[in-house]
Amino acid sequence: MGHELDVRMMTGTLVRSAVRTKLDEWGIEGDYPVLLEFPRQEGHGDYSTNIAMQLARQLKRNPREVAADLLSAIRDHDTGGWFRDLGVAGPGFINLFLSDSAWRAVTAAVLVERERFGSSEEGRGRKILLEFVSANPTGPLHVGHGRGAAVGDALGRLLEFAGYDVTREYYVNDVGNQMDNLGRSLLARYLQLCGTPTELPENCYKGEYMIELAETFRAEVGDRYAAMSEDEALPVFRREASGRILEGIAADLERFRVSFDNWFSEGILHAGGLVDDSVRELRDRGELYESEGALFFRSSAHGDEKDRVLVRADGRTTYFAADVAYHRDKYRRGFDVMFDLWGADHHGYAPRLRASMEGLGEDPSRLEILLIQFVSLLRDGEKFQMSTRSGVFTTLREVLDEVGTDAARFFYLRRSHNTDLEFDLTLAKTHSSDNPVYYIQYVHARICSIFREAVARGLPKVEVTSLDLLSHPDEIAVMKKIARFPDMIAETVRQREPHRITFYLQDLAQTFHGFYNQHRFLGETPERTAGRLALADAVRIVVSTGLSLIGVTAPEQM
RNA sequence: GCGCCCUUAGCUCAAUGGAUAGAGCAUCAGACUUCGAAUCUGAGGGUUGGGGGUUCGAGUCCCUCAGGGCGCACCA
């Protein structure tokens, strides 16, 4: 995938071979990883490496001397003029300055690879199951679920970009007490609408959406269930409630540009005997014992703080038992890595699930649990909380109505999923420079606008070779930002932190807007105009690719 | 009480164990006869919550204290 033009890899390869030569010369066996850093300060090079300081200890030599030796070896290896300058600095850093032609080569790679620039075969087609959202079908998605959806979907896009084979799955908890409560809640609302005085049941879902659901349902079927006994009516109401709510969830997700390959039903897990199977398997493996009439799993033997009930004293299996069966099934389906994205309030649940996989003889490290921390909403500088219990919460749909899908997705990804997120609704719906999503999209629209004008002026199409004419420091600065894209992607995948893309894009956008205000693309000499148009095209491609990875559109005009 | 996450500029947040801790917002001062001003340029703003430790080097790793959030079911 064009890695011959990955600037960091090129640089690393050169430095590594030079270091290897010196190590052989010094009679040092073994591998020393040469890590390339991005110095914060420009004066410290485009890249730098601390390898001399790492080796100094073993060599019992002054790190600066070691660095000087390595530096001359690098210079000898660089027959192609990749480096503009090399230097030893500070306690023994080797600072590497790349020549302009190196940066032009990366930019040319963008124009050749187009939307594949930055992608890789790192995943080698390994199969990944990405389970996210998985909100219970008892109510509409709220802002917290939106974060899980945004992070999960972006992660999926990223992993695919990095060469993994990703399956997206939504686990539907469509059985259990909550379904009874839900069915009873709908039935109560329905009866109220039919004029039958009915009290809301205990643990009822009190949200406004239940009333709307009851109205819709009654409009379709009339009052005919009003006369039925609860036992007769309940299965219908249970099914109708969860089914319709799930449809609403799916509709919200589609609008949010999030799609799933599988909707995995917990009910089918039970019906198919998979829950019983996994309980049996754990029993056969000697992982279970009986106490007080219930069947316990020895999860404390696998790192959990205490043992967990799988089968209750009354014979019913627990939610945990179903989850064990579900994850056992994930392993059986042949995935190399399984991701679970959970709300942070479930963090205490992770040890027991890992324990159960270990108890089944599976490798728990293949299960990666990403915890999505809480979202709080900010409007006009004031924080307001939501509460699921009371039924008063802000739904994802309301947020989408207010700020739109692009801004919502972007704002969800402005923070590491590992920390709390403050979602500023006022800022998200601001259509101005204050809003970073428009700031970035504006880069794309602006470049498209330049090309519309270029076409109007009858200018020739962009040629990769035009880049050879660029050498202005500001032009090179833009190229350097572009060149960071593949590194950023690799790091983002490695850390499973899609929010890094938003930071990168803001940085790139800032560099471009600055350049735009300082220089002209059109109306320069034909050669310079051609070169700058090529550069603009490369920026446009990278911005478009970056936005697509977080599921945000790249508009041609705004 | 135990466990997980967090604490960096007035606010929201960056910083793969590296060199002088950076952006945006807000504040102040400037830039459109030109390819889109949804833009740009500049200024001020910090004991990285406190204290120890590891390291050639700590915002980053370890310990500890303080503060905030979230969990500790035969619920899902």
Side-chain angles (χ1 to χ4, degrees), chain A residues 35-41 43-44 48 50 53-54 56-57 63 89-93 95 136 138 173 175-179 181 203 266 291-296 305-306 308-323 343-351 371 373-374 376 378 381 414-422 424 427 430-443 445-454 456-457 487 490-491 494-495 499-500 503 506-507 509-510 512-524 529 532-533 536 557-558:
Chain A
L35 297 178
L36 292 183
E37 296 165 10
F38 302 104
R40 277 202 273 257
Q41 264 189 279
H44 292 154
S48 73
N50 63 357
M53 288 180 280
Q54 303 292 340
R57 197 174 311 166
F93 290 104
N95 295 336
N136 293 345
T138 54
N173 299 124
V175 294
N177 297 336
Q178 56 170 0
M179 286 299 111
N181 293 336
N203 300 319
E266 183 189 350
S291 174
E292 299 165 41
L295 204 52
F296 282 77
E305 58 184 10
K306 59 181 178 182
R308 308 291 176 176
V309 173
L310 282 180
V311 184
R312 286 176 271 232
D314 62 9
R316 288 151 54 230
T317 51
T318 57
Y319 174 84
F320 175 53
D323 228 6
D345 53 338
H346 289 77
H347 73 262
Y349 194 76
L371 298 171
Q373 299 291 332
F374 274 38
S376 58
L378 202 68
R414 293 186 74 200
R415 259 301 238 162
S416 161
H417 57 76
N418 206 31
T419 51
D420 294 335
L421 173 77
E422 212 161 73
D424 190 334
L427 179 58
T430 304
H431 287 243
S432 79
S433 59
D434 299 354
N435 191 333
V437 68
Y438 298 118
Y439 181 82
I440 293 162
Q441 288 181 317
Y442 186 45
V443 171
R446 211 172 205 185
I447 294 172
C448 289
S449 171
I450 293 171
F451 277 102
R452 282 191 294 271
E453 178 65 19
R457 296 187 189 186
D487 294 328
E491 186 64 13
R494 193 158 41 242
Q495 303 287 343
H499 74 283
R500 289 166 178 272
F503 284 97
Q506 269 178 265
D507 190 31
Q510 191 173 1
F512 177 80
H513 284 312
F515 184 89
Y516 181 93
N517 272 271
Q518 193 91 26
H519 305 282
R520 299 192 56 75
F521 287 83
L522 305 177
E524 296 282 346
T529 288
R532 290 202 172 154
L533 284 176
Q557 41 192 324
M558 300 167 67

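Proteins come first, then strands; the chains are lettered A, B, ... in the order of their sequence lines, and each starts at number 1. Values below: all heavy atoms of this structure, side chains included; hydrogens, waters and symmetry mates excluded. Remember, predicted model here, so these are calculated numbers, not experimental data.
- Checking B:rG69, B:rC70, B:rA37 against every side-chain atom of A:Y442, the shortest atom distance belongs to B:rA37.
- If you take CG of A:N435 and C1' of B:rA23, they are 16 Å apart, rounded to a whole angstrom.
- Residue A:R532 places no side-chain N or O under 4.0 Å from the OP1 or OP2 atom of B:rC35.
- When heavy atoms are screened at a 4.0 angstrom cut-off, A:Q506 is found touching no nucleic acid atom at all.
- Using a 4.0 Å heavy-atom distance criterion, A:G176 is classed as making no nucleic acid contact.
- Using a 4.0 Å heavy-atom criterion, one finds that A:V175 contacts the sugar-phosphate atoms exclusively.
- For A:N418 and B:rC13, the CG to C1' distance is 15 Å, given to the nearest whole Å.
- Among the atoms of the strands shown, only primed sugar atoms or phosphate atoms (P, OP1, OP2) are found under 4.0 Å from some heavy atom of A:S416.
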Atom pairs, protein N/O to nucleotides 53-56 of chain B N/O, distance under 3.5 Å:
none

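- If you take atom P in B:rG71 and the same atom in B:rU12, they sit 22 Å apart, rounded to whole Å.
- Heavy atoms of A:F320 sit nowhere under 4.0 angstrom from any nucleic acid atom.
- Summarising the geometry, the separation between CD on A:E305 and P on B:rG71 is reported as 15 Å, rounded to the nearest angstrom.
- Among the nucleotides B:rA19, B:rU16, B:rC4, the one closest to any side-chain atom of A:L371 is B:rC4.
- Aromatic ring pairs are classed by plane angle as parallel below 30°, tilted from 30° to 60° and perpendicular above 60°; the pair A:Y319 and A:Y349 is tilted.
- The phosphate of B:rU34 has neither OP1 nor OP2 within less than 4.0 Å of any side-chain N or O from A:R520.
- Each of B:rA37, B:rC35, B:rC70 was ranked by its minimum atom distance to the side chain of A:F374; first place goes to B:rC70.
- Figure legend. B:rC70 is base-paired to B:rG3; pairs are counted as Watson-Crick or G-U wobble with both atom distances under 3.5 Å.
- Using a 4.0 Å heavy-atom cutoff across all strands shown, A:T138 reaches no nucleic acid atom at all.
- In this structure, the ring of A:F451 has its center no less than 6.0 angstrom from the ring center of A:F521.
- Side-chain contact between A:V443 and A:H513 is present, with heavy atoms from C-beta onward closer than 4.5 Å.
- Comparing the P positions of B:rG10 and B:rC5 gives an interatomic distance of 28 Å, to the nearest angstrom.
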Give the C-alpha distance, both sets of side-chain angles, the deciding distance and a yes or no for side-chain contact (heavy atoms from CB on, under 4.5 Å) between A:Y516 and A:I447.
CA-CA 10 Å; A:Y516 181 93; A:I447 294 172; over 6 Å; no

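- No donor-acceptor contact under 3.5 Å links the side chain of A:T318 to the base of B:rA73.
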Could you walk me through whether A:H519 and A:E524 pass side-chain contact (heavy atoms from CB on, under 4.5 Å), step by step?
CA-CA 10 Å; A:H519 305 282; A:E524 296 282 346; 5.8 Å; no

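- Rounded to a whole Å, the CD atom of A:E422 is 16 Å from the C1' atom of B:rC5.
- Rounded to the nearest 0.5 Å, atoms CG (A:D424) and CZ (A:R414) are 8.5 Å apart.
- For B:rA38, the base is not stacked against the aromatic ring of A:Y439, per a cut-off of 5.5 Å between centres and 30° between planes.
- At whole-Å resolution of the value, CZ in A:R500 and C1' in B:rA14 are 10 Å apart.
- You'll find a donor-acceptor pair under 3.5 Å spanning the side chain of A:Q41 and the base of B:rU20, going by distance alone.
- Using a 4.0 Å cut-off, no side-chain N or O of A:Y516 falls inside it from OP1 or OP2 of B:rA31.
- Pair assignment for B:rG24: B:rC11, on the basis of Watson-Crick or G-U wobble contacts that are both within less than 3.5 Å.
- Contact annotation for A:N50: base contact, defined as any heavy-atom pair under 4.0 Å involving a base atom.
- Note on ring orientation: taking the six-membered ring where Trp is involved, the planes of A:F503 and A:H499 are perpendicular (angle over 60°, cut-offs 30° and 60°).
- Comparing the P positions of B:rG22 and B:rU47 gives an interatomic distance of 15 Å, to the nearest angstrom.
- Contact annotation for A:F521: base contact, defined as any heavy-atom pair under 4.0 Å involving a base atom.
- In this structure, A:R414 atom CZ and B:rG24 atom P are separated by 12 Å, rounded to whole Å.
- OP1 or OP2 of B:rA19 lies within a sub-4.0 Å distance of a side-chain N or O belonging to A:R40.
- Between A:Q510 and B:rG24, a side-chain N or O to OP1/OP2 separation shorter than 4.0 Å is present.
- Two residues, A:R415 and A:R446, neighbour RNA chain B, and the one matched to the more 5' nucleotide by heavy-atom proximity is A:R415.
- Distance check on atom P: B:rU7 versus B:rC62 gives 14 Å, rounded to whole Å.
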Would you check, one step at a time, whether the test side-chain hydrogen bond (donor to acceptor under 3.5 Å, both in side chains) holds for A:Q178 with A:N136?
CA-CA 9 Å; A:Q178 56 170 0; A:N136 293 345; 3.0 Å; yes

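- Comparing the same atom, P, in B:rC40 and in B:rA58 gives a spacing of 36 Å after rounding to whole Å.
- Residue A:N177 contributes atom CG, which lies 5 Å from atom P of B:rA76 at whole-angstrom precision.
- Counting distance only, with no hydrogens placed and no angle test, the side-chain atoms of A:N181 and the base atoms of B:rA76 include no donor-acceptor pair under 3.5 Å.
- The same atom, P, is picked in B:rG17 and in B:rC61; the two are 8 Å apart, to the nearest Å.
- Interface remark: the A:H347 side chain does form a donor-acceptor pair with the B:rG3 base, using a distance-only criterion of under 3.5 Å.
- Counting non-hydrogen atoms under 4.0 angstrom, A:R457 reaches the backbone sugars and phosphates but no base.
- Contact annotation for A:F38: base contact, defined as any heavy-atom pair under 4.0 Å involving a base atom.
- For the P atoms, the distance from B:rU48 to B:rA43 is 23 Å, rounded to whole Å.
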Determine whether A:L295 and A:T317 satisfy the following criterion, side-chain contact (heavy atoms from CB on, under 4.5 Å), listing intermediate values before the conclusion.
CA-CA 9 Å; A:L295 204 52; A:T317 51; over 6 Å; no

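- The interatomic distance linking A:L533 (CG) with B:rC35 (P) rounds to 14 Å, in whole Å.
- When the P atom is compared between B:rG57 and B:rU20, the two are found 14 Å apart, to the nearest whole Å.
- A 3.5 Å limit on both hydrogen-bonding distances identifies no Watson-Crick or G-U partner for B:rU16.
- Nucleic acid contact for A:H44: base, since at least one base atom lies under 4.0 Å from a heavy atom of the residue.
- Residue A:T419 is in sugar-phosphate contact alone, with no base atom involved, counting any heavy-atom pair closer than 4.0 Å across all strands shown.
- With a glycosidic angle no more than 90° from 0, B:rC32 adopts the syn conformation.
- The shortest distance between side-chain heavy atoms of A:R452 and A:Q557 falls below 4.5 Å.
- Counting any heavy atom pair closer than 4.0 Å across all strands shown, A:A454 reaches no nucleic acid atom.
- No engagement by A:H499 is indicated, since no non-hydrogen atom pair under 4.0 Å with the nucleic acid exists.
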